[in-house]
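Report on one structure; see the data block that follows.
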Amino acid sequence: MSQYRMQIMVCGGAGCSDLNSEAIFDNLQLEIEAFALENEIQVVRTGCFGLCGLGPVVRVMPDEVIYTHVSPDDATEIVSEHVLKGRKVERLLHKDPVSQKILATEPELSACKKQLRIVLRNCGIIDPENIEEAIAANAYEALAKALTELTPDEAIKIIKDSGLRGRGGGGFPTGLKWEIARKNQAEEKYVVCNADEGDPGAFMDRSVLEGDPHAVLEAMAICGYCIGAANGLIYIRAEYPLAVARLKTAISQARQYGLLGSNIMGTGFNFDIGIKYGAGAFVCGEETALIHSMEGLRGEPTVKPPFPAESGFRGKPTNVNNVETFACISPVILKGADWFRSIGTEKSKGTKVFALAGKINNVGLVEVPMGTTLREVVFEIGGGIRDGKKFKAAQTGGPSGGCLTEKHLDTPIDFDNLIAAGSMMGSGGLIVMDEDDCMVSVAKFFLEFTVEESCGKCSPCRIGNKRLHELLEHITKGKGAPADLDRLRNMSRVIKDTSLCGLGQSSPNPVLSTLDNFYEEYESHVTAKKCPAGQCRDLMEYFIIEANCVGCTACARVCPVNAITGERKEPHIINPEICIKCGACKEKCKFDAIIIH
Amino acid sequence: MKTIKSPEELRRLRNEILGRVHPKGDGTNEKVLVRVHSGTSGLASGANEIFDFITLELEKRNIDAVVIRTGDMGYCFAEPTIEVTLPGRKPVVFGNVDRHKADEIIEKYIKGGELLEGILPVNYQTIE
């Protein structure tokens, strides 16, 4: 059907572009034209192949051959050998370093790709509003297997052996959680799916629910079978209308097909799922607060123990897992614990979905095996920093986490390494910051969020975070003193040690981790009253360079507060007392005479 | 709509569906398969408009195709994205699709198999 007999795809991803893939494209084009083949052979630039470590890569279709580490000079040989004579250019094929086997085609090379999709396996592939597509993609097979071939204890053992840990942030072993819930006897138990997803910048749960809702429904049913529950509840924020709508459709279709409800697949197992809406409070991601919110009470946490596994929803044993955790369950049941264990690091198995946001080129979702380094995520998969700026830090764990800096770039990301680095996994938001970001302002931003979201039940969190935020506000306004930095640290420790729930216990983390990693930046705010990143407005001073100013009066005319004075054709001056630092003058000046201190 | 009464029935239904549709879109589809990624980020960038445009235009231009809405693939930086699977070919994902681009995809890729700028290759491996 193609008019072209052959198509050559040149990777134009960030990694390959840095290695001059543009010149490869040009040279290939020239070679093709030299042989007058432009009507037969098409050369096209594409996005990233995910083979950044082997770049620049060139793929030849329909042969599916992939050339690696290609240089612009190789274009001649690719055209003369492969295109004209149909012979592969052997020296450009990738050789497996261990087996020395040549891996030439895309499927063979797929193991070299950094991303592995387990949780996102069906996202973007199936129609989430058509259960038949999900069934065709193997949905409910794991449930069938569990119900007919496994006892609850055997199924729990598989989950335990797989090493799966909760993806919502805490990293508690999922199998163990199920086992505890199973052991607690009660005539009624509940399975709850936490789809509250409150971290700013994290949206993987939403994507899973929008793209593959049946993965979650099936896993909840498996969990119900394991712990002995007949009722499931999904706690989802009403801010996710599309996810809610697709979940509702999925639930009603699953009921119609007899995959939810009574006597599922004729096995005698009953399980049904309902939806509870949250109003979008961050604290309701904490399991006890979530349960209270579902009961119609205020979304406030209570002291654990009792854990929800003993006394949860309506006082009954309740197992709460996050969306991403549930999405891992079916593959684990079907492919076995050993398969899952083979992915990831020693103590963190499987994959993790990250939501890349901030100053990064490829904003979006990526799923990588645990143990992938921050460098691989940011610079290879994420396409690097926007506008070629310098990487400064990456915040993981949202407002409860900390920042990772350049020195952490090569640390394998997993639960324990992140904690050792002063941050945490959290739900997987990864906000990337560049040289223009002021770390004091970043800490202030996250504090602002926690102050807003604190439920107010315990005083360390309610009052402490407020005071912490005020201190940061002072510092960014240039009113801070060196002693404030110690006060920041002390107050942070007290809040961490004395708060009731995870929100308060982790809210000072952004402050502590930026203090640890960027102390000089704080220092310069309080001593020199300067913001090195040039972000804190109150610490900036606009200044006219006398030599460059021609006295055109353009700046004086645009200044909204008349802070600029001077005679025509004479250098002007800015009165810092009146200046509101709006930047209008700098924008207007054609002579680069206005600078920021 | 039938109720599944045993695991065997589930498997039978799966095989039957696999004979009708090709959810994995691996090239064994007989008709052109277009997936419009319509999660929140896709929709926010105009996936609905693209879905309507493609459905209408394919019909107008007498191309027998199946157009479906799916969730997002995570390519938020390039939304709206669509995936086109021509019979006998591997799926191809196009990013930053507006009406103009969608028209080009229909004319050049769907009709003639010609590749276009803006392709997002499969940069991940996935499980079966």
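What's counted below: heavy atoms across the whole structure, side chains too, no hydrogens, waters or symmetry copies. By convention in this document, chain letters (A, B, ...) are assigned in the order of the sequence lines, proteins followed by strands, and residues within each chain are numbered from 1.
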> Which one of B:Val36, B:Leu10, B:Val93 has the most heavy-atom pairs closer than 4.5 Å to chain A?
Replying inline: B:Leu10
>> Using a 4.5 angstrom heavy-atom cutoff, name the option from B:Ile4, B:Ile68, B:Leu115 with the most pairs to chain A.
In response: B:Leu115
Is chain B contacted by the side chain of [X], its backbone, both, or neither, given a heavy-atom distance below 4.5 Å?
X	value
A:Arg45	both
A:Asn361	backbone
A:Met9	side chain
A:Leu242	side chain
A:Arg246	side chain
A:Glu141	both
A:Phe203	side chain
A:Ala243	neither
A:Leu259	side chain

Looking at side-chain heavy atoms only, is the closest gap between [X] and [Y] below 4.5 Å?
X	Y	value
A:Ile360	A:Leu430	no
A:Glu376	A:Val368	no
A:Ile333	A:Lys145	yes
A:Glu218	A:His214	no
B:Ile127	A:Trp339	yes
A:Cys11	A:Val58	no
B:Thr70	A:Asn122	no

Heavy-atom pairs under 4.5 Å with chain B are the metric here; pick the option from [options] that has the most.
options	answer
A:Glu367, A:Lys113, A:Glu129, A:Lys114	A:Lys113
A:Pro128, A:Pro62, A:Cys48, A:Gly261	A:Cys48
A:Ile118, A:Asn362, A:Leu365, A:Leu116	A:Asn362
A:Thr267, A:Asn138, A:Thr148	A:Asn138

Quick check on [X] against chain A: is it the side chain, the backbone, both or neither that has a heavy atom closer than 4.5 Å?
X	result
B:Leu116	backbone
B:Thr81	neither
B:Glu117	both

> Can you check side chain to side chain contact (heavy atoms under 4.5 Å, CB included) on B:Asp72 and A:Cys123, steps first, answer last?
Replying inline: CA-CA 6 Å; B:Asp72 286 331; A:Cys123 286; over 6 Å; no
> If you measure from the Lys or Arg side-chain nitrogens to the Asp or Glu carboxylate oxygens, is any gap between B:Arg61 and B:Glu107 under 4.0 Å?
Replying inline: yes
> Take atom CD in B:Glu59; do more than 12 heavy atoms of anything else shown fall under 6.0 Å from it?
Replying inline: no
>> Measuring centre to centre across the rings, with the benzene-like ring taken for any Trp, is A:Tyr140 within less than 6.0 Å of A:Tyr257?
In response: no
